[in-house]
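Treat the numbers as computed from the prediction; the structure is a model and nothing was measured. Here is how names work: the chains are called A, B, and so on, in the same order as the sequence lines, proteins then strands, and each is numbered from 1.
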2 protein chains.
Amino acid sequence: MKKKTLHPTLSQVAREAGVGTTTVSRVINGGHRVNPETLARVRKVIERLGYMPNQAARTLKGHRTKTIGLVIPSIADPFFSNCAEAAQAIARANDSLLMLTVTSNDPRAEMENLDVLIRHRTDGLLIVPANSQSQMLRELLERVAVPVVAIDRPVADSSIASVVCDNFKGAITGTQHLIDHGYKRIVCLTGESTLYTIRERMRGYRKAVEQARLSCIIDTSVKDYKSAEYAIKSLLDGPEPPDAIFATKNSTTIHAFEVLQRLNIPVPQSIALLGFDDFELASTVRPPISVIQQPVEEIGRRAAEILFDQLLDERGTGSPATRHPLQVKLQTRLIQRASCGCTPPTP
Amino acid sequence: MKKKTLHPTLSQVAREAGVGTTTVSRVINGGHRVNPETLARVRKVIERLGYMPNQAARTLKGHRTKTIGLVIPSIADPFFSNCAEAAQAIARANDSLLMLTVTSNDPRAEMENLDVLIRHRTDGLLIVPANSQSQMLRELLERVAVPVVAIDRPVADSSIASVVCDNFKGAITGTQHLIDHGYKRIVCLTGESTLYTIRERMRGYRKAVEQARLSCIIDTSVKDYKSAEYAIKSLLDGPEPPDAIFATKNSTTIHAFEVLQRLNIPVPQSIALLGFDDFELASTVRPPISVIQQPVEEIGRRAAEILFDQLLDERGTGSPATRHPLQVKLQTRLIQRASCGCTPPTP
DNA sequence: TTCTGGCTTGGAAACGATACCACACGAGCG
DNA sequence: CGCTCGTGTGGTATCGTTTCCAAGCCAGAA
């Protein structure tokens with residue numbers, strides 16, 4: 001049986017080194033104002049015992065926990081996992097750990113997760129709100145004594161900092177691009193209509209289409225391959241079949257693409273396709289799919305940066321904490337590939 | 001200015017409710033052995049003050065931190081993000097938080113991350129070792145008073161629990177499948193040769209190829225599109241061009257596929273392709289790509305389950321902790337699609 | 001010589017929760 | 001009537017660290 005030694009404490013180190021706890025404390029906090037010889041001796045004991053400070057005790061004594069909480073709908077989704085990766089990097093650069101929780105967009109799970117994170121007294125909170133309108137969420141976040149930054153979706157009617165994309169403008173750009181190609185009957189395909197991001201994209205689509213005096217065709221039933229197939233077949237068999245598809249999110253784009261491919265409907269000859277949110281193989285499939293690209297990594301990074309700025313402000317002098325733009329809106333980018341009818345330059 | 005109230009403490013609740021701290025403690029821990037009236041009164045005060053127990057204090061008093069650490073190479077990689085998602089779910093089911101850190105397969109970053117996690121006294125550790133052979137890692141993990149489960153890659157020469165895939169057998173199955181199709185010159189494409197998983201897969205490839213008395217062709221230079229293009233062109237222009245590719249990992253498979261497509265080399269007519277590790281669009285691209293599939297979600301789940309079992313054992317009676325299989329090896333599955341020459345049943 | 005001041009150093013009080021122990025009180029029993 | 005027992009309750013030491021305060025020491029100034 002490997003007999004594992006429990007964690008030695010600071011006092012044990014002190015006793016072993018023949019000094020007081022104060023001195024050891026000073027040593028592990030940089031060793032300032034400690035006699036070089038004492039320093040070396042204590043360091044040796046620390047090394048020998050494999051001493052590692054107990055963060056819980058430090059925290060208790062009034063210090064930060066050196067952790068931040070991240071609350072996201074899913075880790076498996078590339079959009080969020082890339083956000084998380086960026087946030088993690090910033091946390092690490094600030095000597096903090098990331099506590100990760102997932103909500104599956106369920107407000108109840110979200111509240112529970114926040115509850116646990118707050119019990120753990122994370123220094124800050126990054127959250128992708130399941131429901132931008134939730135009053136419970138807003139109240140909790142405003143009541144709690146912790147800096148918060150919302151990611152991807154703002155918290156309505158609050159002064160909570162947020163980093164989101166300009167989904168509205170992005171959707172306009174995408175839809176307008178299809179219009180510029182001469183498509184007349186553009187359908188907006190989606191599987192959601194409650195999420196903030198999706199609503200914004202639908203709003204953008206509607207705006208562009210109405211401005212061009214085209215008809216507004218929206219199908220909100222696309223949740224998987226099956227439903228996509230049904231929706232697209234119905235649409236194409238209808239009296240006025242669409243000649244282009246604007247898909248409001250990643251999975252919708254993919255499902256639509258799979259259906260068109262399975263049905264042997266040539267893209268973009270019979271129907272064009274443009275999706276919101278880029279994905280790894282978008283440029284590999286045939287035809288390559290045109291998309292509105294979001295600065296995924298930047299979203300996570302900026303959010304985390306703002307959070308740590310807030311932490312610094314809090315700690316520092318009573319200077320105005322409003323130094324930072326609290327509502328960041330990042331711009332999207334149209335990536336022209338072939339599915340919209342473009343002949344993109346061969347890279 | 002929104003004046004945020006700091007966190008109230010247990011004693012404040014006690015004072016406010018006119019009871020002792022002991023009673024409040026009992027209330028928040030289930031309310032057993034407390035007079036119903038007192039219980040209600042204290043609960044009301046807790047509600048009013050928005051009291052939330054301080055986990056750091058609880059931890060200090062000898063309890064668990066209710067956190068586990070996860071150390072992975074990357075979050076953006078779908079394989080690991082799916083592992084992480086599964087592990088997170090188990091952690092949550094066990095009322096624990098996940099502390100997430102990423103290493104980019106850098107042993108130094110790995111040691112640093114472990115250091116931080118240990119300072120935080122996570123109750124357990126899940127780790128995807130950057131280097132299975134690392135002696136420093138093994139020593140640290142064996143010395144530390146924390147249960148550890150290795151994921152995807154074992155820690156060599158140690159009794160540390162692990163959950164990995166049978167990469168060797170999987171690679172044999174895949175290679176053998178190509179052999180069964182009649183391919184004679186199968187090249188193994190890879191971009192790594194240090195990682196445990198890749199080495200096992202190469203070992204499997206070699207075994208199958210040698211057993212069939214075919215020549216063993218290995219190219220370890222495929223790191224991105226550029227290098228893949230160079231490698232494949234060289235191979236095809238060589239004296240004895242390969243008729244099949246066995247790619248040892250996800251990104252290699254994709255790069256190879258992109259090159260073949262760009263070069264207009266028909267798959268599988270001119271050259272067949274089979275990859276290790278499934279990915280979302282493998283069945284969508286044309287031709288659909290055959291792969292060896294790993295039970296990704298199960299890896300993360302099992303690892304976390306074993307970890308929590310160990311935690312329970314530790315806490316419980318001195319019963320033999322060897323109740324669980326400590327070295328779990330999960331089997332892979334061949335998914336026949338079209339890129340290997342199969343005509344899979346239309347789903 | 002005595003005093004001032006910079007370095008080192010240690011004692012001990014917090015931080016917030018838990019749990020051991022003790023105590024009060026009324027009921028049931030011999 | 002005195003005893004035990006069970007229920008409800010509170011006092012207080014404790015976990016491991018930081019930090020305030022004080023003190024010891026020696027050099028240089030007065």
Q: To the nearest Å, give me how far apart CZ (B:Arg121) and P (D:dC15) are.
A: 15 Å
Q | A:Pro53, nearest nucleotide to its side chain (from D:dT17, C:dA17, C:dT8) | A | D:dT17
Q | Position toward the 5' end of DNA chain D (nearest nucleotide), B:Pro36 or A:Arg58 | A | B:Pro36
Q | From A:Thr59, A:Thr122, A:Asp123, residue fulfilling side-chain hydrogen bond (donor to acceptor under 3.5 Å, both in side chains) relative to A:Thr65 | A | A:Asp123
Q | Separation of atom CZ in B:Arg33 from atom C1' in D:dG10, rounded to whole Å | A | 15 Å
Q) In terms of side-chain heavy atoms of B:Arg26, which of D:dG10, C:dT9, D:dT18 is nearest? A) D:dG10
Q) Base, sugar-phosphate, or nothing: which does B:Leu39 touch, judged by heavy atoms less than 4.0 Å apart? A) nothing
Q. Is any side-chain N of the basic residue among B:Glu298 and B:Arg302 closer than 4.0 Å to the acidic one's carboxylate O?
A. yes
Q) Out of D:dG10, D:dT17, C:dA17, which has the shortest distance to the side chain of B:Asn54? A) C:dA17
Q. Should we count CZ of B:Arg33 as having more than 12 external heavy atoms under 6.0 Å?
A. no
Q: Mind calculating the distance between NE2 (A:His32) and C1' (D:dT18) to the nearest angstrom?
A: 15 Å
Q.
Rounded to whole Å, please give me the gap between CZ in B:Arg41 and C1' in D:dT9.
A. 11 Å
(Q) For a side chain to side chain contact (heavy atoms under 4.5 Å, CB included) check, start with the C-alpha distance between B:Gln55 and B:His63, then their side-chain angles and the critical distance, and finish with the verdict. (A) CA-CA 9 Å; B:Gln55 181 63 41; B:His63 274 329; 5.8 Å; no
**Q.** Separation of atom OH in B:Tyr51 from atom P in C:dA17, rounded to whole Å
**A.** 3 Å
Q.
Rounded to whole Å, how long is the line connecting atom CG of A:Leu6 with atom C1' of D:dC15?
A. 13 Å
Q | Under-4.0 Å side-chain N/O to phosphate OP1/OP2 contact, B:Thr38 with D:dT9 | A | yes
**Q.** Stepwise side chain to side chain contact (heavy atoms under 4.5 Å, CB included) check, A:Asp115 with A:Arg119
**A.** CA-CA 6 Å; A:Asp115 194 89; A:Arg119 288 167 130 74; 2.5 Å; yes
Q.
If you only use heavy atoms from C-beta on, which nucleotide in D:dG10, C:dA13, C:dA17 is closest to the side chain of A:Lys61?
A. C:dA13
Q: Output the single nucleotide from C:dA12, D:dT17, D:dG8 whose closest atom is nearest the side chain of A:Thr21.
A: C:dA12
Q) What is the distance from CG of B:Asn35 to C1' of D:dG6, rounded to the nearest Å? A) 14 Å
Q: Quick one: label B:Thr22 by what it contacts on the DNA or RNA (base, sugar-phosphate, nothing), any heavy atom closer than 4.0 Å.
A: base
Q. B:Val24 near the nucleic acid: base, sugar-phosphate alone, or nothing, with a heavy-atom cut-off under 4.0 Å?
A. nothing
**Q.** Nucleotide D:dT17, atom P - distance to CG of A:Asn29 in whole Å
**A.** 11 Å
Q) In this structure, which one of B:Ile127, B:Val102, B:Val148, B:Leu126 forms a side chain to side chain contact (heavy atoms under 4.5 Å, CB included) with B:Val71? A) B:Ile127
(Q) Nearest to the side chain of B:Thr23, heavy atoms from C-beta on, is which of D:dT9, C:dT9, D:dG16? (A) D:dT9
Q: Please determine if a side-chain N or O atom of B:Ser25 lies less than 4.0 Å away from the OP1 or OP2 oxygen of C:dT18.
A: yes
Q: From the options D:dT19, D:dG8, C:dT18, select the nucleotide whose nearest atom is closest to the side chain of B:Leu10.
A: C:dT18
